[in-house]
Amino acid sequence: MKNPLTTASGTSGYAFEYGDFVDLRLLGAFVTKSITLHPRKGNAPPRIIETRAGMLNAIGLANVGLEAFVAEKVPQLREMGLPVFVNVAGTAIDDYCQVARRLNEVDVVRGLELNISCPNVKEGGISFGTDCGQVAGITSAIRAAAPDKVLVVKLSPNVTDIAATAAAAVDAGADALSLVNTFTAMAVDVDRRRPMLSNGNGGLSGPAIRPIAVYMVHRVYSQVARKHNIPIMGMGGIQTARDALEFLIAGATALSVGTALFVDPTAPVKILDGLADYCRRHNLSALREVIGSLQFPEPGKGYKSTYA
Amino acid sequence: MKNPLTTASGTSGYAFEYGDFVDLRLLGAFVTKSITLHPRKGNAPPRIIETRAGMLNAIGLANVGLEAFVAEKVPQLREMGLPVFVNVAGTAIDDYCQVARRLNEVDVVRGLELNISCPNVKEGGISFGTDCGQVAGITSAIRAAAPDKVLVVKLSPNVTDIAATAAAAVDAGADALSLVNTFTAMAVDVDRRRPMLSNGNGGLSGPAIRPIAVYMVHRVYSQVARKHNIPIMGMGGIQTARDALEFLIAGATALSVGTALFVDPTAPVKILDGLADYCRRHNLSALREVIGSLQFPEPGKGYKSTYA
Amino acid sequence: MSATTHPRGLFDAQVISNRQICREHFRLVLSVKDFPAAAPGQFVQLGCRDPHAPPDEPDEHEWIDADDPGLRTRSLVAPTPLLRRPFSLAGAEPDPQRPGCTLLEIIHRVVGLGTARLAGLREGDAIDLLGPLGNGFPLPRAGQRAVLVGGGVGIPPMIYLARALGAADVGGVAVCGVTTADLLPLTWADGVAADPQGLPTRCIREFADFGIDAVVASDDGSVGVPGRVTVALQRVLDHLALPAGDVVVYTCGPERMMRAVTEMSQARGLTTWVCMERSMACGMGTCQSCVCRVNDKSSDDGWRYRLVCTDGPVFDGRVLIWD
Amino acid sequence: MSATTHPRGLFDAQVISNRQICREHFRLVLSVKDFPAAAPGQFVQLGCRDPHAPPDEPDEHEWIDADDPGLRTRSLVAPTPLLRRPFSLAGAEPDPQRPGCTLLEIIHRVVGLGTARLAGLREGDAIDLLGPLGNGFPLPRAGQRAVLVGGGVGIPPMIYLARALGAADVGGVAVCGVTTADLLPLTWADGVAADPQGLPTRCIREFADFGIDAVVASDDGSVGVPGRVTVALQRVLDHLALPAGDVVVYTCGPERMMRAVTEMSQARGLTTWVCMERSMACGMGTCQSCVCRVNDKSSDDGWRYRLVCTDGPVFDGRVLIWD
Ligand SMILES: Cc1cc2nc3c(=O)[nH]c(=O)nc-3n(C[C@H](O)[C@H](O)[C@H](O)COP(=O)(O)OP(=O)(O)OC[C@H]3O[C@@H](n4cnc5c(N)ncnc54)[C@H](O)[C@@H]3O)c2cc1C
Ligand SMILES: Cc1cc2nc3c(=O)[nH]c(=O)nc-3n(C[C@H](O)[C@H](O)[C@H](O)COP(=O)(O)OP(=O)(O)OC[C@H]3O[C@@H](n4cnc5c(N)ncnc54)[C@H](O)[C@@H]3O)c2cc1C
Ligand SMILES: Cc1cc2nc3c(=O)[nH]c(=O)nc-3n(C[C@H](O)[C@H](O)[C@H](O)COP(=O)(O)O)c2cc1C
Ligand SMILES: Cc1cc2nc3c(=O)[nH]c(=O)nc-3n(C[C@H](O)[C@H](O)[C@H](O)COP(=O)(O)O)c2cc1C
Ligand code: FES
Ligand code: FES
């Protein structure tokens with residue numbers, strides 16, 4: 001990756017849907033929508049609703065399925081000239097493995113991002129990502145199924161201790177971690193007394209979740225990733241260069257922009273410019289210097305007050 | 001309680017601090033700041049920072065301690081003419097029990113709200129609330145220590161399955177549940193590369209978290225509270241009557257207003273007016289009719305689209 | 001899944017005027033440089049931000065923060081609302097004042113935060129938009145007559161369609177339904193009365209200008225003919241009394257209305273183009289939020305979802321499955 | 001922990017004027033009905049919302065939602081920023097135009113979202129505030145002289161204090177520090193020059209009006225005497241040459257400045273009142289966010305926290321522990 005900016009899975013389509021708005025070649029990598037073994041229609045509409053500084057989505061993993069993806073989308077991805085990560089989802093380990101085996105043969109695919117955290121699908125998606133044993137099981141199965149690809153495991157934030165699921169993924173062979181996926185959440189239509197989304201629950205994304213996502217990235221970085229030298233792809237509410245820097249300083253090596261793409265498809269490019277500015281302002285020879293540079297206070301100590 | 005509106009612990013002081021701005025007698029109950037066995041200074045400033053549609057706090061359970069509370073604040077609480085719930089915190093079961101035993105003797109105290117979820121204090125606060133065994137242990141200990149008081153257990157949202165900790169609390173003798181406390185989170189000062197709060201992490205509250213809190217209330221209601229007939233005190237970003245209705249419809253019986261009090265100390269009273277309006281508009285004889293009335297779609301089904 | 005074939009992009013727009021045209025509707029005119037060719041039925045995604053809100057760029061702060069670089073950042077930058085909002089084009093024509101620019105016309109009703117923000121725009125304000133999005137209405141063949149059926153906020157694309165029909169020299173009739181008189185986002189033509197029987201006249205300026213007769217219907221009878229738009233449509237179709245192949249129906253409005261219109265016109269064998277509406281996050285085909293159901297023989301269960309934002313918003317009434 | 005003894009409340013305020021007074025500062029004048037008696041050093045918590053944003057009350061929507069009660073609610077209501085922002089009173093006097101009302105003056109510098117919102121307020125706009133909050137400055141005894149040391153956004157409370165000193169007929173000197181000339185939120189008195197040596201003259205209108213001489217210092221030397229405010233203060237104190245018991249120092253500004261001022265004046269044995277600043281959520285003593293450290297012999301480790309919002313913002317320089 002020539003720079004840390006990528007698009008978050010599910011927010012920029014399969015390939016060029018979003019290429020009218022920005023030159024994709026400026027990005028560091030491209031991450032596709034979740035692909036499942038069979039095509040999926042997804043949930044009935046409404047599938048999204050805006051909330052305070054965020055949005056809920058319950059797309060339901062709607063996608064064209066593995067075969068159509070390979071036949072129709074992969075040729076387009078070849079044109080992109082970028083490292084491509086295909087996000088893989090499923091409802092049983094065997095489904096995941098079939099997808100992974102097939103993609104292992106596709107040269108243009110640099111790596112797989114394992115979606116074990118999508119909270120929208122009732123048939124099991126959520127459980128893979130919230131139980132350490134399951135995380136380890138699916139990670140090592142995919143590791144074996146796609147030995148030639150970079151394996152990124154995308155962690156669910158809906159857990160008590162995200163460092164524990166991170167460690168399980170790393171021990172089972174993950175090359176990198178991405179976090180966070182969306183938070184399970186709900187909005188209620190109070191007049192009709194039913195959820196706003198036809199699915200009931202949805203996943204919360206956007207600026208509202210950023211402080212929790214930054215905390216989780218820092219937790220995974222300081223407890224797991226740093227010592228194993230595992231890169232983290234950070235995401236959750238990134239809109240501006242300042243937001244991106246929060247993630248980098250907390251320990252992310254790469255960054256995904258999701259919800260913000262809907263607001264401004266050029267956001268990743270603007271963020272890149274902002275990061276370059278920051279380096280100039282702070283006399284940094286490379287952005288790398290800020291990664292994980294957070295000075296976290298000693299437990300119970302605090303640092304000297306800003307007011308000093 | 002004559003109505004469902006209360007103040008959230010830690011956002012309205014010990015007693016009358018906030019009485020200049022609103023007639024507290026209009027509320028359904030009053031919930032105090034967390035009280036610990038010994039006085040606590042709390043964390044160094046800065047203790048708060050605003051984030052998108054929310055705020056982080058790391059007060060660090062600053063409080064006058066049990067004895068000063070009983071000596072100085074309880075006489076004021078007697079004047080209030082409201083059911084009073086004292087929020088109890090600590091770092092060891094024994095501390096909690098000493099506080100609970102002492103408060104069990106104080107007549108004006110209607111109940112205890114057990115804070116097992118404050119994420120700010122490193123010495124253990126977090127662990128009580130995230131492990132079912134610990135939740136059960138502390139709940140039954142307090143149950144025994146304060147047999148004459150209503151026991152409300154305040155759940156942490158930083159868990160994989162809040163219905164599990166809810167069930168543990170109920171099985172161990174909780175009379176009611178309150179949720180949610182704040183989400184562990186962080187904001188980074190990107191120029192200094194350190195956290196904005198002197199404590200490092202803080203707890204996220206306010207409108208940003210509302211969709212997650214509503215989801216959790218509904219989950220606890222449908223999986224635990226309904227069948228045990230246990231009331232839920234819902235909170236997390238409530239600002240308006242519409243917000244309050246989301247929680248009631250999702251299954252809350254009572255409501256706490258926290259962060260919104262800083263914006264508008266009269267918010268609870270405005271919410272009461274709004275709830276009365278809603279009842280009139282929907283021809284409800286009592287607000288009770290909406291509690292838990294959410295029509296949740298069958299898994300995987302969805303309901304008929306709003307566009308019908 | 002076909003992508004749009006039109007070029008699309010992110011554009012800065014300048015507010016030329018923003019006028020309240022009835023109780024809750026505003027006509028917003030924007031000038032946009034280098035805007036691609038657009039067609040009736042297409043829409044734009046407007047950023048409903050407050051142009052008077054502070055800019056995203058940090059200012060300088062010499063004093064407070066002389067030694068405090070933290071102050072140079074701003075964590076609260078909070079555009080409100082978050083997502084863009086989709087609006088049909090009610091018109092798009094070359095800007096006579098500004099070479100290379102296009103004047104876009106949007107008529108919107110204030111229903112929430114985003115539209116309230118739009119209502120506050122003033123001449124000279126800057127906003128931005130994604131567009132042109134979606135597929136647009138297929139125009140009638142020469143000799144066919146168009147029947148434009150708009151309800152409420154479904155009326156604006158009909159105004160743009162009328163202009164295109166005028167340019168293509170195709171005749172038509174517009175049937176517009178509103179709940180009540182002061183929610184009609186249209187202008188009465190001077191000196192032309194509405195027909196009391198609900199037969200089309202040159203009574204609405206936006207249509208008359210392009211040679212199109214119009215009928216207005218209102219639910220409460222406060223303006224035009226009383227009753228639902230379908231009642232008026234029935235009368236108009238009866239009155240036209242043309243062979244099925246000579247009439248094309250276009251409809252946009254609340255889904256229940258469009259369904260009734262489609263069923264009525266299909267019962268008569270008329271081609272019907274329906275301009276659908278869905279909650280949208282992206283508007284550009286990436287988020288998959290804006291689906292509607294269409295017939296699909298090749299699918300196991302006979303249907304599939306299509307995207308309103310890129311496969312639509314205009315669909316053939318025959319393929320749509322109403323929920 | 002003492003609560004304030006003044007009555008406090010939530011009040012609606014009307015914007016009387018809002019004028020930019022230097023590069024980044026605005027003077028905002030509000031009229032508030034039934035505002036309690038206030039004192040210099042007290043502050044208010046302003047709701048920095050956009051008064052032109054849509055109201056919280058749902059409108060009626062007859063058409064789209066004729067059968068859709070969901071449309072009557074609005075989930076996006078998003079006041080921005082969330083929390084109120086604290087500002088010292090730069091003045092509070094009876095409103096001559098509106099019986100029963102008080103004119104509140106606030107001078108604020110635009111540093112972020114909240115202050116940018118305030119900068120956009122226009123005459124007639126409505127905002128609301130909590131106040132008066134905090135304890136205020138103890139005035140000097142008869143015969144004492146006051147030395148007012150303000151830096152940057154610490155200057156506004158000194159303006160209010162000057163007015164109170166004038167009313168109490170106490171003499172004083174003001175020493176104001178800024179980084180650079182166009183960040184001075186004060187008015188030069190016509191025809192009165194600043195003293196090139198940095199001795200006090202009637203050169204600043206806000207102070208001269210109440211019989212108080214002033215000195216301005218700037219870090220970059222672009223206005224008044226060059227250098228930090230403490231350099232100017234030293235000269236002023238030397239010049240006054242009064243016994244320690246006859247001088248009271250008041251200071252407000254960046255914490256490093258207040259520390260230097262306090263250390264200097266305490267070295268001379270002068271009573272020093274310090275007006276502290278902290279991030280605040282509530283401003284009314286409930287959230288415990290605004291602590292500063294003070295000496296406390298009764299505590300094990302010799303100190304405790306006090307609340308800037310209710311125990312302060314004004315503290316005796318002797319009790320404060322600087323971080
Ligand atoms: C392709 C397309 C074209 C459109 N063209 C126009 C147009 O020309 N003129 C116009 O006025 N509007 C048009 N709309 C509708 C317009 O996008 C919405 O009115 C707008 O997004 C509302 O934004 P808001 O922030 O004001 O309301 P919000 O605050 O987002 O919503 C307010 C309330 O209205 C509800 N709501 C909002 N939109 C809808 C909806 N579409 N269906 C059901 N409930 C809804 C919300 O759930 C909420 O309860 C179009 C929509 C689409 C998809
Ligand atoms: C008792 C009291 C009285 C005050 N009186 C005045 C006054 O009379 N005039 C005036 O202009 N200001 C005054 N202030 C400061 C004023 O409250 C802040 O400037 C204001 O809250 C900034 O809000 P914002 O939304 O514009 O900035 P934000 O967007 O909240 O902040 C912008 C940036 O500034 C930083 N920041 C903001 N405030 C401070 C601070 N106090 N210290 C360090 N960093 C900060 C933030 O961290 C952020 O990086 C007073 C503060 C207090 C506590
Ligand atoms: C509309 C939408 C669809 C998404 N679809 C997927 C998906 O298919 N697979 C996946 O792993 N994550 C998906 N996500 C989650 C995002 O990739 C990302 O983890 C999350 O939105 C947080 O980032 P953000 O706040 O920048 O959006 C989706 C998010 C949104 C908003
Ligand atoms: C400044 C502040 C202090 C708090 N202190 C406590 C506390 O002492 N004990 C506790 O159980 N919860 C405490 N909370 C959590 C609130 O009671 C509440 O659970 C949470 O803020 C969510 O509600 P809200 O979004 O309405 O604020 C505190 C919250 C805030 C913002
Ligand atoms: S709105 Fe995103 S795919 Fe249509
Ligand atoms: S600001 Fe809340 S206690 Fe001072």
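Because only heavy atoms are used, hydrogens play no part in the values below, and waters and symmetry mates are left out as well, while side chains stay in. Throughout, a chain's letter reflects where its sequence line sits, starting with A, and its residues are numbered from 1.
- Taking every heavy atom of both residues into account, D:Ser289 and B:Arg47 meet most closely at O-CB, 3.8 Å.
- Of the listed residues (D:Gly285, D:Gly9, D:Cys292), the one with the most heavy-atom contacts under 4.5 Å to chain B is D:Gly9.
- Under a cut-off of 6.0 angstrom, the local environment of CZ in D:Arg318 is sparse, with at most 12 non-hydrogen atoms contributed by other residues, nucleotides or ligands.
- Across every non-hydrogen atom of B:Met55 and D:Ala281, the tightest pair is CE-CB, 3.9 Å.
- Checked against salt bridge (Lys or Arg N to Asp or Glu O under 4.0 Å), B:Asp95 has no partners two or more places apart in sequence or in another chain.
- Smallest separation of non-hydrogen atoms from D:Arg84 and B:Val263: NE-O, 2.5 Å.
- Side chains of B:Tyr18 and D:Cys282 form no contact here, defined as non-hydrogen atoms less than 4.5 Å apart.
- The shortest heavy-atom contact between B:Leu261 and D:Met284 is O-CE, 3.5 Å.
- For the pair D:Pro7/B:Asp20, no side-chain contact is recorded, criterion being any heavy-atom separation below 4.5 Å from C-beta on.
- D:Asp301 meets the side-chain hydrogen bond (donor to acceptor under 3.5 Å, both in side chains) test with B:Lys41, D:Ser299; sequence neighbours excluded.
- When all heavy atoms of B:Phe262 and D:Cys287 are compared, the closest pair comes out as CZ-CB, 3.4 Å.
- Across every non-hydrogen atom of B:Ala53 and D:Leu82, the tightest pair is C-CD2, 4.0 Å.
- Going from atom OH of D:Tyr305 over to atom CZ of B:Arg40 covers 11.5 Å, rounded to the nearest 0.5 Å.
- Counting heavy-atom pairs closer than 4.5 Å to chain D, the top residue among B:Pro207, B:Ala62, B:Pro265 is B:Pro265.
- In this structure, B:Glu50 pairs ionically with D:Arg85, as a charged nitrogen and a carboxylate oxygen lie closer than 4.0 Å.
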